[in-house]
Amino acid sequence: MKKPLYILLFCLLATGISSCKKWLDVKPGTQVIQDEMFSTEAGFNQALLGSYLQMGTGLYADNLTMTTISAMGQNYQTTATGHPMLEHARYNYTAPVVKLAIATIWGNMYKAIGGVNNILDHVDQAKGIFLKNHYNLVKGEALGLRAYMHFDLLRMFGPVPVNGGSVKAIPYIKTFSKELSPLSTTTEVIALCLKDLDEAEQLLSVYPEIVYNTEASADEFTNYTRNHFNYWAVKALKARIYLYAGDKVKALQYAKEVIASGKFPFVNRNTFNLTANQDRTFSTEHVFALNLPLTKTLVDIRFRLEGNTTFQSSTFFLTTATMNTVFDIAQAGSTDYRYLYHIRTFNGFAYSSKFWQDGITNLQLSNQVPLIRLSEMYYIAAEATTDLTEARTLVNEIRINRGLPALTSTFTEPIRMQEIAKEYIKEFYAEGQLFFYYKRLGTLPVPRSAVTMTAATYVFPLPDTEIEFGNR
């Protein structure tokens, strides 16, 4: 993959500079020679911010959350002729629109990885310029982001994990270079991710605090820590990776560490008021989230049905009947906060309002796209524990904090997996995690899909350009 000689300070996408709110002012369109950029703390801060913004471009506010991956998890009804997600939901990897989405994911992810690798290539030699513990924070975040993005690439382009530890999957790129990196196997990628995360955990341990806003402070490196790849995000990603790799003991260990930290309180079910605080994404529970300036524009295009005469072929929804089934409305599910505050209905159709930005004046709540939630740690722990009673307690903790009654029947292994699957569908609607959940388990068929799935159907093909120019 070719890399530019200069790093672009990614502009804050026109109006995004106030929404991004944290860290430094960045002048849009500015290019700075690398040596100049990495001669100051401010330069490293700008480069890191650029990497976070790059993660939004065609990726975590798009294909990897609300669109491609969610459509493949069958979150939407896409059968109308001309629907933008029709072929994605069919896993039709030869369709031009799907090939374009895959090429965008591949190219933009490796661009973002290139950005963090450029930081990592310079940070050690510049260690003396950093004040306080900022060296640890910059390097730790960059290592964590590199692991995070490579793991998501593995979850798309790698085989179903139970079938393919020795199968070549993706390149794990660790330098900012023009040199071609070989494909690594699933086992190798996971080992490299965990190696980066081990180092990141040690580095980021100097600042394990989670804060919303210390804007009065001059220390821009510790503002809005949920929007940094923080110490607890490292542990949460380890839990996710270890479960994917089949190591339930370590998955349980790391998930419980995040839970026990107390850093990510559930939204208060007794005082929560959507009209008053507009916290649609339940931000206190974000272990790691991106703040992406174009969220409103993208969300309004995808999830606004009213007034749109072509919504059936252009927006993302389910029928009201299907959505009611998803949320178990017939079984007292109507009190579920996720149903009450994330779902809207229009003329027999139901769609997500989770990412709406209407009326949000508190900057810590705006433009949030959650990538790791506290709830996932409960689901990982519930799946990984050998104690079925504990598994039920963990699932019930989420249910109670979502306004649902606790489950009282004894858990058997099938009931455990059935209840966790129900939770993934409700909790991660339009966030993309459901497809990865099905793939990890090798679920055949995917619920609500008419496609005859095989293990191969879960594997994204490499982009044509990667095959041609990468000699794959």
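Since this is a predicted model, take the numbers as computed values, not measurements.
- When each of Lys238, Lys250, Lys235 is checked for a salt bridge (Lys or Arg N to Asp or Glu O under 4.0 Å) with Asp198, only Lys238 meets the rule.
- In this structure, the ring-ring contact (aromatic ring centres under 6.0 Å, His included) partners of Phe303, at least two apart in sequence or on a different chain, are Phe316.
- At distances below 3.5 Å, not a single donor-acceptor pair connects side-chain atoms of Thr385 with backbone N or O atoms of Ala381.
- The side-chain tip of Arg402 does not point at the ring of Tyr337 from less than 6.0 angstrom away and within 45° of straight on.
- Not counting sequence neighbours, the partners of Phe151 by the ring-ring contact (aromatic ring centres under 6.0 Å, His included) test are Tyr244.
- Atom CE of residue Met66 and atom CG of residue Leu298 lie 7.0 Å apart, to the nearest 0.5 angstrom.
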side-chain hydrogen bond (donor to acceptor under 3.5 Å, both in side chains) between Ser283 and Gln368, intermediate numbers included
CA-CA 8 Å; Ser283 65; Gln368 296 296 313; over 6 Å; no
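- By the 6.0 Å contact criterion, NZ on Lys99 is open, its count of non-hydrogen atoms from other residues, nucleotides or ligands being 12 or less.
- Ion pairing between Lys426 and Glu423 holds under the 4.0 Å rule for side-chain N and carboxylate O.
- Listed by chain and residue number, Phe266, Arg269, Glu397 satisfy the side-chain contact (heavy atoms from CB on, under 4.5 Å) test with Asn401 (two or more places apart in sequence, or in another chain).
- Less than 6.0 angstrom separates the ring centroid of Phe38 from the ring centroid of Phe44.
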Could you go step by step and tell me if Ile210 and Trp232 meet the side chain to side chain contact (heavy atoms under 4.5 Å, CB included) rule?
CA-CA 9 Å; Ile210 296 296; Trp232 298 102; 3.9 Å; yes
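- Aromatic pair Tyr351/Phe317: centroids not less than 6.0 angstrom apart.
- Take Thr465 and apply the side-chain contact (heavy atoms from CB on, under 4.5 Å) test, not counting sequence neighbours, and it matches Pro463, Phe469.
- Judged by distance alone, the side chains of Gln74 and Tyr438 never bring a donor and an acceptor atom under 3.5 Å apart.
- Remark: the backbone N or O of Asn291 is not paired with any side-chain donor or acceptor of Asn367 at under 3.5 angstrom.
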Evaluation steps, side-chain hydrogen bond (donor to acceptor under 3.5 Å, both in side chains), between Thr281 and His286:
CA-CA 8 Å; Thr281 63; His286 297 175; 3.3 Å; yes
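- Of the N and O atoms on the side chains of Thr65 and Glu431, not one donor lies less than 3.5 Å from an acceptor on the other residue.
- Note on ring orientation: taking the six-membered ring where Trp is involved, the planes of Tyr424 and Tyr379 are tilted (angle from 30° to 60°).
- Counting non-hydrogen atoms of neighbouring residues, nucleotides and ligands closer than 6.0 angstrom, the CD atom of Gln202 reaches no more than 12 such neighbours.
- Under a cutoff of 6.0 Å and an axis angle of 45°, Lys127 and Tyr135 form a cation-pi pair.
- Without hydrogens or angle criteria, Ser39 side chain to Glu36 main chain gives a donor-acceptor distance under 3.5 Å.
- Atoms SG and CG, from Cys193 and Leu154 in turn, are 7.0 Å apart once rounded to the nearest 0.5 Å.
- In this structure, Asp62 pairs ionically with Arg302, as a charged nitrogen and a carboxylate oxygen lie closer than 4.0 Å.
- Taking the six-membered ring where the residue is Trp, the centroids of His342 and Phe282 are separated by under 6.0 Å.
- Under the ring-ring contact (aromatic ring centres under 6.0 Å, His included) criterion, His134 pairs with Phe221, not counting sequence neighbours.
- Aromatic ring centres of Trp106 and Phe157 lie closer together than 6.0 Å.
- For Tyr60, the ring-ring contact (aromatic ring centres under 6.0 Å, His included) partners two or more places apart in sequence, or in a different chain, are Tyr148.
- No side-chain donor-acceptor contact under 3.5 Å links Asn227 and Thr225.
- Aromatic ring orientation, Phe460 versus Tyr93: tilted (interplanar angle from 30° to 60°).
- A salt bridge does not link Glu383 to Arg416: none of the charged nitrogens lies less than 4.0 Å from a carboxylate oxygen.
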